[in-house]
Asks: 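Before anything else, here's the structure in question.
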Amino acid sequence: MTRYDPATTEPKWQKAWDEAQTFRATMEGDRPKYYVLEMFPYPSGRIHIGHVRNYTMGDVIARYKKATGHNVLHPMGFDAFGMPAENAAMASGGHPKTWTYDNIDTMVAQMKPLGFGIDWSRMFATCDPEYYGQQQALFLDFLEAGLVTRREAEVNWDPVDMTVLANEQVIDGKGWRSGAEVERRALTQWFFKISAYSEELLDALDQLDDWPARVKLMQANWIGKSRGLQFSFPVIDAPEGFGEIEVFTTRPDTLMGASFVAISPDHPLAKHLEAAKPAVAAFNAECRKGGTTAEAIETAEKLGLDTGIRVRHPLDPDWELPVWIANFVLMEYGTGALFGCPAHDQRDLDFVRKYDLPVISTYVPIDGEITLPEDGGDPYVPPKTEQVHYTKLVAGDAYQTGEEAIDAAIALAEQRGIGEGVTKFRLRDWGLSRQRYWGCPIPVVHCDACGVVPEKKENLPVRLPDDVSFDIPGNPLDRHPTWRDTTCPACGKPAKRETDTMDTFVDSSWYFARFTAPHAETPTDMEAAQYWMNVDQYIGGIEHAILHLLYSRFFARGMIKTGHLPEKAAEPFDALFTQGMVTHAIYVTRDEKDRPVYHFPEDVEIHESGARLGATGEEVEIIPSAKMSKSKKNVIDPVNIIEQFGADTARWFVLSDSPPERDVEWTASGAEAANKFLARIHRMATEISEERPHGSDERLLKELHKTIDDVTKGIESFGFNAAIAKIYAFAGTLQKAPASGTKHDGLKTLAQLMAPMTPHLAEEVWQMLGGDGLIANAPWPEADESLLTEDTVTLPIQVNGKRRSEISVAKDLPKSEIEALALADDAVQRALNGGAPKKLIVVPGRIVNVVI
RNA sequence: GCCCGCGUGGUGGAAUGGUAGACACAGGGGACUUAAAAUCCCUAGGCGAUAAGCCGUGCCGGUUCGAAUCCGGCCGCGGGUACCA
């Protein structure tokens, strides 16, 4: 008996697929198209087991769809621009380009042995000039179509290194290299006008039936549509040009509980006051310390400064309120100013308690007592749909819901001409400027005479220069005179190139469209886009639920507007699946200064008494389980598993144990078990590979068709682990079954069911059993409906909801007879103890419940 | 802080309103073998005695004939938070 040997078998079948061009996608034939895409990887160095999991899932879908008669497109590429390449260049003196392309070569060489059914002829990297040149063309078309604008926005500024920092490079409010306290500084930057699409991007979520509900909810909350009242507070003794302060509120019903007006440190009035008042200037400078992230701003200590300016309450001219500058007021949202109502908002209450301002409740619960916030209680914040008792009413009835009171307040304000109801969105425009080298150059030129001038399309791509260095902080493009200095495309006079490059999210916002015609001389080829779009199934991590997916949805709309995609591609991803991460324990020792030193799992030996370093025997601390990360060294390189057990084992294991949307802990023992099972399947094939015997096995045939049905449904619903459990169960039954024609056919069909997951083994078994051609080209088995039903069913019998017994009855037995049988049951008799049941619930085919 | 998830045996998990723990890993016992490997069989949530029974899906409460599943409140963990990708 020959043992299954993946080392020879897997390359053999990969070569066979290659030679037959099995996965080359063309627009020929009349089969329906199917486009399956996994979020493309960043070329970080080597692939890890999480990549294997992600691309195996996509491959299962791709191979399954091919078997069900589809013309499948399954491409692969690399999201190749970004910071890590520059960091590597800074750390080790290489060039981002060399580093990136070397990594891509390594990762492709690691992925090919996994046997993915990918059309490798379509591969590209976003750092290929061929790709980013087309992206520059897209940018120019977007600019012309009015989808791009330029204005000031804040960045993290490292005052020592004199550079812009990414959020990731700000650690505890300090620059990662200099250690200097970071401050926020405004720069003129390019923006995509995504906020103009707020309403549309929100509304269209409803049509995405095959997206996870939580992703749609996160996007909806991110876009953040809210209706409220915009109105002004008249300023008393106003500085010139600041006669009133305009605010936006979603709770105009609480206007009679206002206790202060707060403006952002970036509000025009705050900036105006800086000039005359050193205290304001100092306060605003204090507020601008720290990074730009929402987390940093929201969790910072709430600070306020009384400007001394006072305003009048719009509903009561005798009521004066103080105007404060507060660091929690964002200039980007609403009007950059608000009124505080501490009785019904925790943040406002914290603020007034800190600065000793009044608290005024405007409503109380209808039922029940609360300690009013005036008397030291918590703020009262019921849902807007709940009816409350208004004690200080703006409009409407004293007893009404928050929603009703808000509508009434807006109506009153509009009637009196105080303000108007407006709809605001939280979504901000997409700042795409990055002050970095390794990205797509923004194809514009700054000319003293003509201003900002778009580069001519015939001059694209604007290529990144190769001769740059990273020995000093900052963007090397800024100090590269021969690249930076150019001539104005409009007037021909000397001018300077834009040295900012694009956010890498731009690169990943249209790559899916480029895969449909990766070498077209325009960004897309309309015929190919018309044929292949949309992506039928998109697969990727939940961490992309908001930004990447939202930007892609915007970009698709922009590409339609500029004639680069057909109308139908406005929502480019028909179905979305978000998979979980692969996690692993972290192994740590301590150095002489008690600093953590991380170790790769393969360097650690696990003993009963604990873990030790293989090389030195030093004791190792085990930190339970965390997301795989290169810096913590808790990454599993799948190459080890592939070398030891083969690609099919790696594929089978990553699919078998965990539901794909959930995080999975990597364990080596699981891979061994997966390998044993695959060897078992192969052994079965060697045992029954001779001629197909006569004779059928009805019981086995029913099992087989049930398995076909279960596995098909499992794959369709991404229930790979459950599908695999069914395969395990059927394989056990099959192995024990006596020889028959059914057994022979059953193993062949089992190979087909496994083919999307373990394609090499499946080809091997298929060939051994005399299958026709490649299993990769064989049509998917269909379950015979007539074999799926059973004549008798087992009904559990509950007494008061607890299982006490079970009966086996004919499937179509009338309810009355089931009732009689259930009541006659010993356990039920015992429970009834001579009495009669209060109620008898019979759910045909499912359960009986006797209520006593 | 805010938004979104998740929490089930020693472990990965199954069951999405109807028999909690399918399938597998690790464990225990056995067969085969001179021995080992490989393979095969049995066992397995907890308490109880192997019975009856009781308890049990992070915690507390609710809806229901019936809740891991639906609702409310908490705790813990994870993802995102607009310059990580």
Asks: Taking the same atom, P, in A24(B) and in C74(B), what whole-Å distance lies between them?
Replies: 42 Å
Asks: Could you check whether Ser433(A) gets within reach of a base, just the sugar-phosphate, or nothing at all, counting any heavy atom under 4.0 Å?
Replies: base
Asks: Distance check, P atoms only: C70(B) and C6(B), in whole angstrom units.
Replies: 8 Å
Asks: Among U8(B), C83(B), G80(B), which is the nearest nucleotide to the side chain of Arg662(A)?
Replies: U8(B)
Asks: Is there a Watson-Crick or G-U wobble partner for C40(B) with both distances under 3.5 Å, and if so, which one is it?
Replies: G30(B)
Asks: What's the gap between C75(B) and A68(B) when it is taken at their P atoms, as a whole Å value?
Replies: 24 Å
Asks: May I have the list of side-chain donor-acceptor pairs in residues 792-801 of chain A shorter than 3.5 Å, sequence neighbours left out?
Replies:
unit_1    : atom_1 : unit_2    : atom_2 : d
Asn800(A) : OD1    : Ile852(A) : N      : 2.9

Asks: Within the pair Arg428(A) and A82(B), is there a side-chain N or O less than 4.0 Å away from OP1 or OP2?
Replies: no
Asks: Once you apply a heavy-atom cut-off of 4.0 Å, does Ile841(A) come out as touching a base, just sugar-phosphate, or nothing?
Replies: base
Asks: Since syn is defined as within 90° of 0, does G56(B) count as syn or as anti?
Replies: anti
Asks: Around atom CG of Asn221(A), are there more than 12 heavy atoms of other residues, nucleotides or ligands at under 6.0 Å?
Replies: yes
Asks: Out of G18(B), A85(B), U81(B), which nucleotide sits closest to the side chain of Ala294(A)?
Replies: U81(B)
Asks: Just compare U39(B), U19(B), C83(B) and give me whichever is closest to any side-chain atom of Ile847(A).
Replies: U19(B)
Asks: Counting heavy atoms from C-beta on, name the nucleotide in G13(B), C84(B), C4(B) closest to the side chain of Asn221(A).
Replies: C4(B)
Asks: Just checking Gly431(A): base, sugar-phosphate only, or nothing, at a heavy-atom cut-off of under 4.0 Å?
Replies: sugar-phosphate
Asks: Considering residues, nucleotides and ligands other than Lys354(A), do more than 12 of their heavy atoms fall under 6.0 Å from its NZ?
Replies: yes
Asks: Categorize Gln169(A) for me: base, sugar-phosphate, or nothing, with a 4.0 angstrom heavy-atom threshold over every strand shown.
Replies: nothing
Asks: Within the structure provided, determine whether Thr501(A) and Tyr437(A) are in side-chain contact (heavy-atom separation under 4.5 Å).
Replies: no
Asks: Does Glu295(A) make a side-chain donor-acceptor contact with the base of C3(B), cut-off 3.5 Å?
Replies: no
Asks: Could you please name the option among G79(B), U19(B), C40(B) that lies closest to any side-chain atom of Glu806(A)?
Replies: U19(B)
Asks: With rounding to the closest Å, how many angstrom separate the C1' atoms on G28(B) and G73(B)?
Replies: 43 Å
Asks: From the list G18(B), C4(B), G7(B), which nucleotide is the closest neighbour of the side chain of Arg214(A)?
Replies: C4(B)
Asks: Would you mind pulling out the nucleotide paired to G7(B), Watson-Crick or G-U wobble, both distances under 3.5 Å?
Replies: C75(B)
Asks: At under 4.0 Å between heavy atoms, what does Val851(A) touch on the DNA or RNA strands: base, sugar-phosphate, or nothing?
Replies: sugar-phosphate
Asks: Across all strands shown, which nucleotide pairs with C2(B) by Watson-Crick or G-U wobble geometry, both distances under 3.5 Å?
Replies: G80(B)
Asks: So, does Lys802(A) get its side chain near the phosphate of C55(B), meaning an N or O under 4.0 Å from OP1 or OP2?
Replies: yes
Asks: With both distances under 3.5 angstrom, what nucleotide forms a Watson-Crick or G-U wobble pair with A20(B)?
Replies: none
Asks: When the P atoms of C77(B) and G72(B) are compared, how many Å lie between them, rounded to an integer?
Replies: 23 Å
Asks: Classify the nucleic acid contact of Phe677(A) as base, sugar-phosphate or nothing, counting any heavy atom under 4.0 Å across all strands shown.
Replies: nothing
Asks: Run the ring pair (Phe, Tyr, Trp, His ring centres under 6.0 Å) check on Tyr132(A) and Phe81(A) step by step: do they pass?
Replies: CA-CA 10 Å; Tyr132(A) 73 69; Phe81(A) 275 134; 5.5 Å; yes
Asks: Does Thr504(A) place a side-chain N or O at less than 4.0 Å from the phosphate oxygens OP1/OP2 of A85(B)?
Replies: yes
Asks: Taking only the side-chain heavy atoms of Arg683(A) (C-beta and beyond), determine which of C25(B), A82(B), C40(B) contains the nearest atom.
Replies: C40(B)
Asks: Does Arg436(A) contact C83(B) through a side-chain donor or acceptor facing the base, at a distance under 3.5 Å?
Replies: yes
Asks: With the side chain of Arg830(A) defined as its heavy atoms from C-beta on, choose the nearest nucleotide among A85(B), G7(B), A52(B).
Replies: A52(B)
Asks: Is A14(B) paired to anything, Watson-Crick or G-U wobble with both distances less than 3.5 Å, and if yes, which nucleotide?
Replies: none
Asks: Below 3.5 Å, does any donor atom in the side chain of Asn167(A) face an acceptor in the base of C83(B), or the other way round?
Replies: no
Asks: Can you tell me the base-pairing partner of A67(B)? Count Watson-Crick or G-U wobble geometry only, both distances below 3.5 Å, and say none if there is no partner.
Replies: none
Asks: Classify Gln219(A) by what it touches in the nucleic acid, base, sugar-phosphate, or nothing, heavy-atom distance under 4.0 Å.
Replies: nothing
Asks: Would you mind telling me which of G18(B), C54(B), A82(B) lies closest to the side-chain atoms of Leu547(A)?
Replies: A82(B)
Asks: Which nucleotide wins on minimum distance to the side chain of Ala725(A), given the candidates C23(B), G66(B), C40(B)?
Replies: C23(B)
Asks: Report, as yes or no, whether the 6.0 Å neighbourhood of atom CZ on Arg846(A) holds more than 12 heavy atoms from other residues, nucleotides or ligands.
Replies: no
Asks: Salt bridge or not between Asp429(A) and Arg151(A)? Use side-chain N to carboxylate O under 4.0 Å.
Replies: yes
Asks: Between G80(B) and G66(B), how far apart are the C1' atoms? Round to whole Å, please.
Replies: 38 Å
Asks: Within the structure shown, what part of the strands sits under 4.0 Å from Val164(A) by heavy-atom distance: base, sugar-phosphate, or nothing?
Replies: base
Asks: How is Trp430(A) classified with respect to the nucleic acid when contacts are heavy atoms under 4.0 Å: base, sugar-phosphate, or nothing?
Replies: nothing
